[in-house]
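What follows is a set of notes on a single structure, which appears directly below.
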Amino acid sequence: MLERVIENWLDRASEKSFQIPFSHMLINEGYKIIHVSRHCGMELGKDIIAIDADGTPCAFQLKGAKNGKISLSQWREDSISAQLQDLVMTAIDHPSVDATKPHRSFFVTNGNLEEEVSRAISDMNRTWERQGQPYGIETIVRGEFLEMALNLGTNLLPSGLPDTTLEQRFLQLFQEMGNDVLPKEKLTALIESVLPFGYVKTNDRSRKPSKAACSRAISGAAVLCSISTSSFDEKNNHVAVIEAWVIFLSYTLALAERWDLDPKYWKNEFEMAKQAIYNKLEDLYDEVKEAPYLTEGNALADPPFYRVRLTWLVAYMSILGLWRRFENKRADETDVFIKEFCLENRRKLYMWGEAAAPQFLAAMWYQKKVISTPEPDFLLKALIEVICHVNKPKGEELLANPYYDANSVMPHLLGIAEKPLDERFRGNSYVLEGLVHLFVRRNFKQHTWPLWPDVTRISVTTFKPKKLWHLYKWNNREGVLEIAYPKHTQDWSELRTMAQESGGAYVPKLIKTEPVLFLLFLCVYPHRMNASIMRWLDSELMRI
Amino acid sequence: MLPDFPQAKNELMQVLTERMKLIQSGFMQPFGELPKFVMHEGDSFRIIRADGSIDEVPMKEAKVKITIEHSEVETMTPAEIIQRVDSMAEEMARQQSQIFFKKINETTAAVGNTIDVGGGELTVDDYLDMLSKVQFNFDENGEPKLPVAVTGEKLHEAMVKIQEQLRTDAAAKARFDEIIRQEKEEWRVRESNRKLVG
């Protein structure tokens, strides 16, 4: 079944949609990925640049086959011959590759080659050989492509999970329409089931899974993640695809920390997925920039959801802006647009539930970089006031905790839900303590004083996982749920001391080098927010 | 496999589950009215109070087993299904209430907040002693939110008498009013203590 689904996916994939999974397959075959072009637009003259196991630079050009084959007419219409000429004859222009070293060139397609096309490539290779060119064109066609995918597929059941369960989870995702928000629970269950988090039992003995097995499982999970969410990619549902890769990254780090894996077993996949996320953020930027309106789908039903979407977009554009600063990218028109977009919409954000809190924080931290007034700080105050008002002990309004996403909360906010939620949110918050600490850090003492009586009426809930690496998992059976009530009478200097702490005790070690990615992680996993994490992130992002 | 109807059966299960929750809540009074807090993750629970005291709350299991013989399936009527669900709900409510009462007993005993009348009849003085040990709040009109009394049948009769005494016995009423006055003052202090200092 799994094989047939992969085959089905391969047959309908475009070069854009098979670029990332193919890159992960290359990693599994021992390649180190150097660059993946964003649009398959041959940015550096090549779709994928990699180094093979022998250290030889490799350039790949991908081409989606029309009707299952690269025909002579497609060969001519798409000017493939000229592209291959460039692929072979133009040196790889990338700082990580020695341009003087000869490189191998690959033409990759998910279809077969028509006989005439095969002959044309052979002719080109003979010509290059006569000219003394060390490498000609090597081809990877449907059969080889499928074999690479299936090689990974056979490695996907390390945890003893029944094939049927894995296939069901995989199929459920694969069959999604792709135009809704990502079903994160389904994807996390799928990825968690293929990664070896437990001990392996052999002959009545338990042992750790081998590092090589962990590495293969990570590659397999990447391919499964990509294929299972391909419908979202095909619909250009960029946010859903970003979320999918964040989930994959999160589980990769979880496995790396679980078994204390050396970076050589996971870093390549990590960087590849990180690149995919960045590329998708830029795709989202393009769409936001080009879109005349930010409406989507059925316009009649869109008004209540518009600001939910806008808040999300402002957050992701803010994260892109912070990412570019973090990586010291040269400022250009992208940064100009991001600034304009985020500032223009900064007063239209909607706090529909605590799951939106990380989105507000992303907006706030970005605004801190681009405007010099204290306005972003007062976004914190506004959030504190909203939570204290809506979730006051006898309040009648609804501000759901971060375990509830917009899809599950909005029907209740609109009063159209079939049945009420079992849970009540009055008198409690998961994010209030962190928001108060961030506001106190800004030292607005006079503004904090009137907030405090209401703050003391709200208990603060924090989930503390048993192991730090559990934080990367979507859901944990082990751990303590802690409910704390603030002190009624609170000394300001003591509160300031608490607010200044930023050791990041609840931040797992591997993500600590990636504060912007961690902010994105919180937007995808809003239930992982707590005061300690927010304080650490505040300190880190202020340093950018 | 034999033909099955999971979709329709899931719908039926949803209806039965809703009914079970409703019945359970009814049997659990006054606890059925308490706000529900869903524990989405973890296997233990901790409360840190405003005074800094910490209470570790171990998880308690309440469970009911239902057995349906294959031979019953053919003849079971909808009314009988509902009856089974209702009895399950009642048993769940009983177990959960026991857990609540046990916790309340442990907590009150730990801080010496119990009154033992030694098997005798509960008097108005006992009641007022109890009331003076309980902290309660006041609404926006300054009216006390008096605690709910959970009693058995015999104690209920005593409570009715006590309520009557509080209306007719001037000394009892004066003591009751004094307790309310003190509680209100303590509440006012508590509320005015919600502040930042320094």
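By convention in this document, chain letters (A, B, ...) are assigned in the order of the sequence lines, proteins followed by strands, and residues within each chain are numbered from 1.
Remark: Tyr127(B) pairs with no residue by the ring-ring contact (aromatic ring centres under 6.0 Å, His included) rule, at least two apart or across chains. Take Asp126(B) and apply the salt bridge (charged side-chain N to carboxylate O under 4.0 Å, His left out) test, not counting sequence neighbours, and it matches no residue. Qualifying ring-ring contact (aromatic ring centres under 6.0 Å, His included) partners for Phe518(A), counting only residues two or more places apart in sequence or in other chains: Phe521(A), Trp536(A).
For the set Gly479(A), Pro465(A), Pro453(A), the entry with the most heavy-atom pairs within less than 4.5 Å of chain B is Gly479(A).
Looking at Leu495(A), only its side chain comes within 4.5 Å of chain B, counting heavy atoms on both sides.
The environment of Glu185(B) atom CD is dense: over 12 non-hydrogen atoms of other residues, nucleotides or ligands sit within 6.0 angstrom. More than 12 heavy-atom neighbours from other residues, nucleotides or ligands sit within 6.0 angstrom of NZ on Lys103(B).
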Donor-acceptor pairs under 3.5 Å, chain B to chain A, main chain and side chains both?
| unit_1 | atom_1 | unit_2 | atom_2 | d |
| --- | --- | --- | --- | --- |
| Glu18(B) | OE2 | Lys419(A) | NZ | 3.2 |
| Lys21(B) | NZ | Asp422(A) | OD1 | 3.2 |
| Lys21(B) | NZ | Asp422(A) | OD2 | 2.6 |
| Lys36(B) | O | Arg424(A) | N | 3.3 |
| Val38(B) | N | Glu423(A) | OE2 | 3.3 |
| His40(B) | O | Asn475(A) | ND2 | 3.2 |
| His40(B) | NE2 | Glu423(A) | OE1 | 2.9 |
| Glu41(B) | OE1 | Tyr403(A) | OH | 2.4 |
| Glu41(B) | OE1 | Arg528(A) | NH1 | 2.9 |
| Glu41(B) | OE1 | Arg528(A) | NH2 | 3.3 |
| Glu41(B) | OE2 | Asn476(A) | N | 2.8 |
| Glu41(B) | OE2 | Asn476(A) | ND2 | 3.3 |
| Glu41(B) | OE2 | Arg528(A) | NH2 | 2.6 |
| Gly42(B) | N | Asn476(A) | O | 2.9 |
| Asp43(B) | N | Arg477(A) | O | 3.2 |
| Asp43(B) | N | Gly479(A) | O | 2.8 |
| Asp43(B) | OD1 | Gly479(A) | N | 3.1 |
| Ser44(B) | N | Gly479(A) | O | 3.2 |
| Ser44(B) | O | Leu481(A) | N | 2.9 |
| Arg46(B) | N | Leu481(A) | O | 2.9 |
| Arg46(B) | O | Ile483(A) | N | 2.8 |
| Arg46(B) | NH1 | Glu482(A) | OE1 | 2.6 |
| Ile48(B) | N | Ile483(A) | O | 2.7 |
| Ile48(B) | O | Tyr485(A) | N | 2.7 |
| Glu191(B) | OE1 | Arg457(A) | NH1 | 2.6 |
| Glu191(B) | OE1 | Arg457(A) | NH2 | 3.1 |
| Asn193(B) | O | Thr489(A) | N | 3.3 |
| Asn193(B) | O | Thr489(A) | OG1 | 2.7 |
| Arg194(B) | NH1 | Thr456(A) | O | 3.3 |
| Arg194(B) | NH1 | Thr456(A) | OG1 | 2.7 |
| Lys195(B) | N | His488(A) | O | 2.9 |
| Lys195(B) | O | Gln490(A) | N | 2.9 |
| Val197(B) | N | Gln490(A) | O | 2.8 |
| Val197(B) | O | Trp492(A) | N | 2.7 |
| Gly198(B) | O | Lys445(A) | NZ | 2.7 |

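Summarising the geometry of Pro486(A) relative to Ala50(B), their closest heavy-atom pair is O-CB, 3.2 Å, with the distance given to 0.1 Å.
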